[in-house]
Amino acid sequence: MKTVLVTGSSRGLGKSTIIKFAENGYNVVINYNNSEKVAYELQKYIEDNFKVGVLTVKADVGNENDVKEMFNIIIDKFGSIDVVVNNAAIAIDTIFEQKTVDNFNKILNTNLIGTFLVSKYASKYMLEKKQGNIINISSTNGIDTYYPYSMDYDASKAGIISLTKNLSKELSPYIRVNCVCPGWITTDMNNSLDKEYMSKEITKINLKRFAEPKEIANVVYFLATDEASYVNGSVIVVDGGK
């Protein structure tokens with residue numbers, strides 16, 4: 001049985017992705033940093049509904065010691081790691097004049113450095129088996145959906161795209177590394193944004209709605225399967241068209 005780690009998986013897209021893999025027979029590792037209660041609620045849901053192994057691990061993906069220990073725990077329980085989905089992300093939306101170096105660093109540390117660290121330690125175990133999949137979650141904010149209040153978030157997501165391209169070269173031919181760039185999703189993070197702004201954004205989408213998390217999770221899961229065996233270093237936009 002294969003094992004998947006999804007970072008930042010206690011809610012939103014991460015939660016939907018965990019459930020998608022569990023539905024398809026993967027052992028799943030739920031990662032959280034602050035949302036302990038909902039993480040263990042998700043663990044119970046998996047245990048009650050799917051015949052797979054499930055592990056919940058607290059770790060700040062931007063902290064190297066936390067990441068190293070997380071993989072020690074995963075390998076101790078499941079023996080290997082087959083798929084990693086780098087989903088953990090934060091945003092701190094403020095006007096430009098109010099942005100601080102501390103907040104900018106905090107966002108880069110979680111979103112970009114966290115993706116690097118998890119990929120670094122996951123690839124160590126994947127290379128031992130000469131197989132594995134890393135799927136990074138970026139955003140259209142890293143390509144062309146610019147929002148000045150979140151320019152630090154946008155920068156981190158652009159960095160993830162570059163990191164994906166480099167990792168896909170470095171880790172080939174044994175590990176495939178791809179990137180999914182969702183547009184708007186109905187998540188807690190996005191639901192807290194200005195309603196007028198969100199309404200205007202919907203008018204720009206050909207499908208005239210935001211994505212449900214499970215619609216993005218379906219694409220993430222596809223990239224981990226043998227059906228995507230020749231997809232590597234790709235950046236897949238899932239934004240409803242615009």
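Predicted, not measured: the structure shown is a model, and the values here were computed from it. Both backbone and side-chain heavy atoms feed into the values below; hydrogens, waters and symmetry mates do not.
For the pair N178 (side chain) and G233 (backbone), a donor-acceptor distance under 3.5 Å is present. In this structure, K157 contributes its side chain and T140 its backbone to no donor-acceptor pair below 3.5 Å. A donor-acceptor pair under 3.5 Å is formed between the side chain of K208 and the backbone N or O of T203. Proximity of a side-chain donor or acceptor of D66 to a complementary backbone N or O of D60 within less than 3.5 Å is detected. Between the side chain of S150 and the backbone N or O of Y147 there is at least one donor-acceptor pair closer than 3.5 Å. At distances below 3.5 Å, not a single donor-acceptor pair connects side-chain atoms of K15 with backbone N or O atoms of S10. For the pair N133 (side chain) and D82 (backbone), a donor-acceptor distance under 3.5 Å is absent. Distance alone, capped at 3.5 Å, is enough to place a donor-acceptor pair between the Y146 side chain and the I143 backbone. When atom types are taken as modelled, the side chain of R11 and the backbone of S35 share no donor-acceptor pair closer than 3.5 angstrom. Checked by atom type and distance alone, the side chain of N232 pairs as donor or acceptor with a backbone atom of V177 at under 3.5 Å.
Here SG of C179 is found 9.0 Å from NZ of K165. Values are rounded to the nearest 0.5 Å. Rounded to the nearest 0.5 angstrom, Q131 CD and I175 CD1 are separated by 10.0 Å. Separating the CG atom in N105 from the OG atom in S156 is a distance of 12.0 Å, to the nearest 0.5 Å. Rounding to the nearest 0.5 Å gives a distance of 4.0 Å between CD1 of I30 and CG of L42. In this structure, K58 NZ and I73 CD1 are separated by 12.0 Å, a value rounded to the nearest 0.5 Å. The CD atom of Q43 sits 3.5 Å away from the OG1 atom of T56 when rounded to the nearest 0.5 Å.
The shortest heavy-atom contact between F78 and G53 is CZ-C, 3.8 Å. V52 and I46 make their closest contact through CG2-CG2, 3.8 Å (heavy atoms, listed as atom of the first residue, atom of the second, distance). When all heavy atoms of N111 and I160 are compared, the pair lying nearest together is O-CD1, 3.3 Å. Taking both residues in full, the closest heavy atoms of A224 and Y26 are given as O-OH, 4.0 Å, listed atom of the first, atom of the second, then distance. Of all the heavy atoms in M70 and A59, the pair that sits closest is SD-CB, 3.9 Å. In terms of heavy-atom proximity, E212 sits nearest to I185 at C-CG2, 4.1 Å.
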(message) side-chain contact (heavy atoms from CB on, under 4.5 Å), that's the test. Do S119 and N86 meet it? Break it down for me.
(response) CA-CA 8 Å; S119 298; N86 283 304; 3.1 Å; yes

(message) Y174 vs L127, test: side-chain contact (heavy atoms from CB on, under 4.5 Å). Steps then yes/no.
(response) CA-CA 7 Å; Y174 302 116; L127 288 171; 4.3 Å; yes

(request) Output, in order, the C-alpha distance, side-chain angles, deciding distance and verdict of side chain to side chain donor-acceptor pair (under 3.5 Å) for S9 and N87. (result) CA-CA 7 Å; S9 48; N87 171 75; over 6 Å; no

(message) Please evaluate residues D239 and W184 with respect to the criterion side-chain contact (heavy atoms from CB on, under 4.5 Å), reporting the C-alpha separation (whole Å), side-chain torsions for both, the decisive distance (0.1 Å), and the verdict.
(response) CA-CA 7 Å; D239 66 355; W184 289 107; over 6 Å; no

(message) Let's go through Y32 and V38 carefully: what are the C-alpha distance in whole Å and the side-chain angles of both, what is the deciding distance for side-chain contact (heavy atoms from CB on, under 4.5 Å) to 0.1 Å, and is it a yes or a no?
(response) CA-CA 9 Å; Y32 74 96; V38 291; over 6 Å; no

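Ion pair K106/D152 not flagged as a salt bridge, since none of the NZ, NE, NH1 or NH2 atoms sits closer than 4.0 Å to an Asp/Glu carboxylate oxygen. A salt bridge links E196 with K200; the closest basic N to acidic carboxylate O contact falls under 4.0 Å. Salt bridge status for R209 with E215: present, with a side-chain N to carboxylate O gap under 4.0 Å. Ion pairing of E41 with K44 is absent here, as no side-chain N (NZ or NE/NH1/NH2) approaches a carboxylate O to less than 4.0 Å.
Within a 6.0 Å sphere centred on NZ of K99, other residues, nucleotides and ligands contribute more than 12 heavy atoms. Surrounding NZ of K129 are more than 12 heavy atoms belonging to other residues, nucleotides or ligands, all under 6.0 Å away. By the 6.0 Å contact criterion, OH on Y230 is open, its count of non-hydrogen atoms from other residues, nucleotides or ligands being 12 or less. Other residues, nucleotides and ligands contribute over 12 non-hydrogen atoms within 6.0 Å of the CD atom of E128. Counting non-hydrogen atoms of other residues, nucleotides and ligands closer than 6.0 Å to OH of Y40 gives a total above 12. More than 12 heavy atoms of other residues, nucleotides or ligands lie within 6.0 Å of OH in Y125, so this atom counts as buried by the packing criterion.
Side-chain contact annotation: K242 with T145, donor-acceptor N/O pair under 3.5 Å present. N136 and T115 are not linked by any side-chain donor-acceptor pair at a separation below 3.5 angstrom, with hydrogens and angles left out of the test.
With hydrophobic clusters built from ILVMFWY side chains whose heavy atoms lie under 4.5 angstrom apart, V83 does not share a cluster with F116. Hydrophobic clustering (side-chain heavy atoms under 4.5 Å, transitive across Ile, Leu, Val, Met, Phe, Trp, Tyr) keeps V231 apart from L167. Grouping the Ile, Leu, Val, Met, Phe, Trp and Tyr side chains by contacts below 4.5 angstrom, directly or via other members, places V85 with I18.
Relative orientation of the F21 and Y221 rings is perpendicular, given thresholds of 30° and 60° on the angle between their planes.
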